[in-house]
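Below: the structure, in structure tokens.
Per chain, numbering begins at 1; letters A, B, ... match sequence-line order.
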Protein chains: 2
Amino acid sequence: MPAAVSRPLSTQAGFPDRHTTLGAALRHAYDALSEHTYAELAAAGFADIRPAHRVVFRHLAPEGSRIIDLARAGDLTKQSMAYLIAGLEESGYVALESDPEDGRAKRVRLTPRGEAAMEILLKTSRAVERRLDRRLGAGTSSTLKQTLGSVAALLQPPAPAGD
Amino acid sequence: MPAAVSRPLSTQAGFPDRHTTLGAALRHAYDALSEHTYAELAAAGFADIRPAHRVVFRHLAPEGSRIIDLARAGDLTKQSMAYLIAGLEESGYVALESDPEDGRAKRVRLTPRGEAAMEILLKTSRAVERRLDRRLGAGTSSTLKQTLGSVAALLQPPAPAGD
DNA sequence: CGATATAGGTCAGATAATCTGTCTTTATGA
DNA sequence: TCATAAAGACAGATTATCTGACCTATATCG
């Protein structure tokens with residue numbers, strides 16, 4: 001008797017607490033937010049920005065940044081960052097100019113199109129927080145962010161001492 | 001004047017709110033938790049479980065699961081899931097047995113080693129939540145999970161109507 | 001009961017996003 | 001001025017995805 005109804009594994013018995021962990025909750029919220037953000041970005045005409053590109057928008061300084069600085073900020077190698085930048089340059093989100101202060105370096109800078117995408121990202125983020133506050137009460141998103149900060153702080157230090 | 005001190009881009013001016021968004025907070029917390037979890041796993045002798053493998057541990061039923069069900073639960077193709085399972089089988093975390101109820105199917109099941117890894121995952125998760133409650137007050141992790149659930153719920157529906 | 005459709009799984013090949021290693025050019029500093 | 005370091009480019013490998021084609025076992029239906 002195959003075609004066994006394909007029951008959702010998530011609700012099966014055994015390892016009962018596996019889907020109610022903090023990790024699962026964080027992942028679901030983050031995934032939902034990510035999907036929402038991409039949908040907004042795509043709806044605004046920026047469908048060619050892929051998940052990996054976000055690390056660039058996260059750290060690019062308005063005056064332009066060097067590839068190596070972006071790589072450090074995003075915690076990946078300069079080669080990987082260069083690869084991402086090349087993609088964004090090809091699709092017109094950033095432009096590369098040589099750094100007047102250092103002949104070895106280039107500066108990555110947002111184009112107007114890149115700035116428009118950045119606007120959408122920030123706008124979407126603000127809108128989600130507003131919706132959350134409207135739904136669960138003013139201050140919810142602020143409190144949530146603070147608690148999340150504590151979670152990160154709790155785990156960041158590589159176990160400083162004892163325990 | 002190169003070697004420009006490699007200032008942390010995160011604190012530069014411009015796009016000032018970019019690093020205080022809900023998304024950034026979620027990402028930091030999730031990343032910190034992930035790293036912590038891998039560190040615990042590695043410390044317990046399971047260093048060969050890679051991030052991609054976690055989708056398997058997330059959904060594998062104790063009685064064993066078919067590849068296709070795991071793929072659906074984890075939202076990837078059966079080919080991708082088969083690839084992950086092959087890696088876990090080779091390193092001894094799961095075993096494949098033919099499904100007595102369906103000649104076409106196989107069942108993926110945790111080996112004792114796989115169950116030991118699962119134990120670590122669950123134990124680590126519980127420990128983090130306990131630490132959080134001790135640090136920020138009993139019920140913190142529970143409330144946090146609930147709020148995160150609301151965030152996911154707020155964003156999950158593909159915009160049902162208007163707005 | 002046999003033909004055909006469906007479902008589970010595999011194989012082959014492509015792509016994205018990482019990595020390591022090496023090389024060139026430029027800057028820094030002893 | 002010369003040795004060293006730093007920024008970036010080029011080449012190649014690996015991991016984790018995907019799509020498409022295919023095989024085989026099972027189910028269904030005439």
I need the [atom1]-[atom2] distance between [X] and [N], as an integer number of Å.
X	N	atom1	atom2	answer
A/His53	C/dT18	NE2	P	9 Å
A/Arg104	D/dA5	CZ	P	13 Å
B/Lys78	D/dT19	NZ	C1'	12 Å
A/Asp99	D/dA9	CG	C1'	17 Å
B/Ile67	C/dC11	CD1	P	11 Å
B/Ile68	C/dG9	CD1	C1'	8 Å
A/Arg54	C/dA16	CZ	P	19 Å
A/Asp75	C/dT18	CG	P	11 Å

Taking the side chain as every heavy atom from C-beta outward, state whether [X] and [Y] have any atom pair closer than 4.5 Å.
X	Y	value
B/Thr37	B/Val128	no
B/Thr143	A/Thr147	no
A/Glu129	A/Lys145	yes

Is there a side-chain contact between B/Thr77 and the phosphate of D/dC18, meaning an N or O under 4.0 Å from OP1 or OP2? yes
Is there a donor and acceptor pair closer than 3.5 Å between the side chain of [X] and the base of [N]?
X	N	result
A/Lys106	D/dG8	no
A/Arg66	D/dA7	no
A/Gln79	C/dG21	yes

Tell me whether B/Arg109 is salt-bridged to B/Glu97, with the criterion being a basic N under 4.0 Å from an acidic carboxylate O.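 Here B/Arg109 pairs with B/Glu97 in a salt bridge, since their nearest N and O are under 4.0 Å apart.
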Tell me whether B/Arg72 is salt-bridged to B/Asp69, with the criterion being a basic N under 4.0 Å from an acidic carboxylate O. yes
Closest nucleotide of DNA chain C for B/Arg107 versus for A/Tyr83: which of these residues is on the 5' side? B/Arg107
Return the 5'-most residue of the pair A/Val55, A/Gly103 with respect to DNA chain C, ranking by each residue's nearest nucleotide.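 This one resolves to A/Val55.
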Closest approach to the side chain of B/Ala52, judged atom by atom: which nucleotide of C/dT10, C/dT26, D/dA16 is it?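 Of the candidates, D/dA16 comes closest.
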